[in-house]
Amino acid sequence: MGRPRKPRRERWPVATKGPLPAKDIVLFHHSLIGLLAVRIGWDRLTMDHVLPPDDEGLAPITAIKESRKGGNAPAQNLADQEYLTIIQASLDGFWKVAADGRLIDCNEAACAMLGYRREELLALAIRDIEMREDDEEVAAHMRLVIARGHDRFETEHRCKDGSGILVEVSAYCVPGAEAPLLLVFCRDIGERRQAETTLGEMQQFKQAILDAVTAQVAVVDRHGVIVEVNAAFCAMMGYAAEELVGRSARMLYPSDAEFERAGQEKYGQISGEGIGRIESRLLTRDGRIIDVALSSAPIVPGNLARGITFTVEDITARKQSERQRLAHEARQRDTLIREVHHRIKNHLQGVLGLMTNSIARHPEMAEAMEAIFTRVNAIAKVYGLQGRKPDAHVRFCDLMETLLEGTPGAPPILLRNLSMDMEAILSPQEGVPMALVINELITNADKHRRAKDVGRPVLAIFRIDSDRVTLTVTNAPASLPDGFDLAAGTGINTGLGLLKALLPRTGASLNYRQEGNAVVAELVLVAPLVNCRARRPDPPED
């Protein structure tokens, strides 16, 4: 049989369940305990989750096997050196405490924390330092640590000068052959607690100011998520603060389009000018849409990534008043314009009466006067039409019907509308020019028929499409004169010269063509001269 194999020296495993809090030094302490075990005479430190972890995710130390130090002196010296280096370098205070509460060992940080020299501190016990617990409570707490294997808590320790400091304590029990030992780490958290208290007070102070102001204030982060609101903002929108904070500001807008528009304009102004002022509309909890003025600025100037704060002013009443004022002004203007049109029509009708009397007294002037008469009559009819319509706009079909109403001396016209379900609206300023153009088309067509056959009247047909109005005027029998060119102005008479002059340069085109024994004039009108749409009911006339 060979030489018996030397038992393998096992490493001390650390088993954990669940994540450990990142803010603590748990992993550091666990690793350090392993070195301490070597230092104080144990070669194996086992941490198992025989019991469930406590509320802070830390598993208790449940079994530590004690054995004598082996004969490897260099390795032991290295462990001692590692122990001393880590303990002395630690910013946390460290004590090794006997089962009766006496301090056996400590590091420099513990001495500095309490204001003692090392020999002074090691002459004390836990009860001499603890300020919150009396002697019985200290003893009971130590028994609890020994039974559980560990504990973490906050308490207050007494310094040498009698002052107290707030500390966070992590205590671990290491069972021994004769009596257990406690390894204790202490961290001074006085400044941290003070900072947290100050921060909390500042937050409360800021919130008190926000809630005291009457302006509606909110803060969003760089992703548009609401992070803070004041009481006035909640009251305006109808939400509680907890219903808004943490949610996207999109919930406050009536549509995605308005949310995107407001964001683009607001951030564009902030990027260029440092502050954004826009008007928008918001959706309250009860479904109302309100008009608001938003004034926004970055929390950190020049850094939109830190979020923005904005004030909101409800301008619904002001906007409503403004809309009512504009509507009233529009009605007044409409009434005035219609009155002006009506008076112009009356004056023109007076002129037409004088012209009729002059023609009767001077028959020799009839032919020359008739052309002028029809033009003035067309103008009078347009003004009369505009004076009857509440919006003063002229529908093309109304214009055609009004121009072709029975007038003494007017040529016989056959009018056809091929689009009864559509209508085309002429802007008010185009009513008179279009009336003169159409009047010249019809009178010129009648004038140039070779035979005045009443059985074959001038044929006027118009069609309204979604983007244009097409009017064709046909007279027959008729023919275009030689060399006729309307665009070049050759072969045209005075009436067609006037027609060409009145025709707008954009939105209108006119051409003549010969079709058999008939002459066809085609007038096409498009935007902006006309607005084509589905026919609507006639508005009531005053």
Query raised in the report: Can you list the steps and then say if R192 with I189 is a side-chain contact (heavy atoms from CB on, under 4.5 Å)?
Result: CA-CA 5 Å; R192 187 180 79 188; I189 60 172; 3.6 Å; yes
For residues [X] and [Y], determine if any side-chain heavy atom of one lies less than 4.5 Å from a side-chain heavy atom of the other.
X	Y	result
L114	I129	yes
L418	I461	yes
M400	L471	yes
I278	Q269	yes
R463	M422	no
L182	W95	no
I126	V184	no
C532	V469	yes

Please list, chain by chain and in numerical order, all residues satisfying ring pair (Phe, Tyr, Trp, His ring centres under 6.0 Å) with [X], sequence neighbours excluded.
X	value
F396	F462
F310	none
Y239	none

Could you measure the distance from the [atom1] atom of [X] to the [atom2] atom of [Y]? Nearest 0.5 Å is fine.
X	Y	atom1	atom2	result
I464	N417	CD1	CG	5.5 Å
L403	I379	CG	CD1	11.0 Å
I226	M237	CD1	CE	8.5 Å
M113	R187	CE	CZ	9.0 Å
L166	E191	CG	CD	11.5 Å
E313	T311	CD	OG1	8.0 Å

Ionic contact status for [Y] with [X], cut-off 4.0 Å:
X	Y	result
D128	R102	no
E279	R318	yes
R533	E423	yes

If I compare all heavy atoms of [X] with all of [Y], which pair ends up nearest, and what's the gap?
X	Y	value
A98	L181	CA-CD2, 4.1 Å
A435	L399	CB-CD1, 4.0 Å
Q216	A232	CG-O, 3.4 Å
L244	L252	CD2-CD2, 4.0 Å
S170	R152	OG-NE, 3.3 Å
R127	D100	NH1-O, 4.2 Å

Query - Exam field: side chain N230 to backbone V217, donor-acceptor pair closer than 3.5 Å - result: yes
Query raised in the report: Are any side-chain N or O atoms of N107 and backbone N or O atoms of G93, one a donor and one an acceptor, separated by less than 3.5 Å?
Result: no
Query raised in the report: Between D92 and S90, is a side chain to side chain donor-acceptor pair (under 3.5 Å) present by the stated rule, with each step listed?
Result: CA-CA 5 Å; D92 294 332; S90 174; 4.6 Å; no
Query raised in the report: Would C111 and R117 count as a side-chain contact (heavy atoms from CB on, under 4.5 Å) if you check the C-alpha gap in whole Å, the side-chain angles of each, and the deciding distance to 0.1 Å?
Result: CA-CA 6 Å; C111 298; R117 296 194 304 274; over 6 Å; no
Does any pair with a residue in [range] pass side-chain hydrogen bond (donor to acceptor under 3.5 Å, both in side chains), and if so which ones, sequence neighbours excluded?
range	result
residues 256-265	R250-D256, E258-R261, E258-S280, R261-E265
residues 156-165	E120-K160, D161-S163
residues 137-146	E133-H141, H141-D151

For [X], all residues meeting side-chain contact (heavy atoms from CB on, under 4.5 Å), sequence neighbours excluded:
X	value
R505	none
P504	E430, M434, A508, L529
D467	D465
L91	none

Query - Whether over 12 other heavy atoms sit under 6.0 Å from R132 CZ - result: yes
Query raised in the report: Going through the checks in order, is the salt bridge (charged side-chain N to carboxylate O under 4.0 Å, His left out) test met by K381 and D398?
Result: CA-CA 11 Å; K381 287 183 175 181; D398 294 337; over 6 Å; no
Determine all donor-acceptor pairs shorter than 3.5 Å in which one atom belongs to a side chain in residues 290-303; sequence neighbours excluded.
{"residue": "D291", "atom": "OD1", "partner": "R281", "partner atom": "NE", "Å": "3.3"}
{"residue": "D291", "atom": "OD2", "partner": "R323", "partner atom": "NH2", "Å": "3.4"}
{"residue": "N303", "atom": "OD1", "partner": "A305", "partner atom": "N", "Å": "3.1"}

Report task. For E130 and T155, test the side chains for any donor-to-acceptor distance below 3.5 angstrom and give the result as yes or no. Result -> yes
Query raised in the report: With sequence neighbours left out, which residue pairs that include part of residues 237-247 fulfil the salt bridge (charged side-chain N to carboxylate O under 4.0 Å, His left out) condition?
Result: E243-R285
Query raised in the report: Between L523 and V437, does a side-chain contact (heavy atoms from CB on, under 4.5 Å) hold up when you go through it step by step?
Result: CA-CA 9 Å; L523 174 67; V437 168; 4.2 Å; yes
Query raised in the report: Can you check side-chain contact (heavy atoms from CB on, under 4.5 Å) on R277 and K266, steps first, answer last?
Result: CA-CA 7 Å; R277 294 185 178 91; K266 175 173 57 182; over 6 Å; no
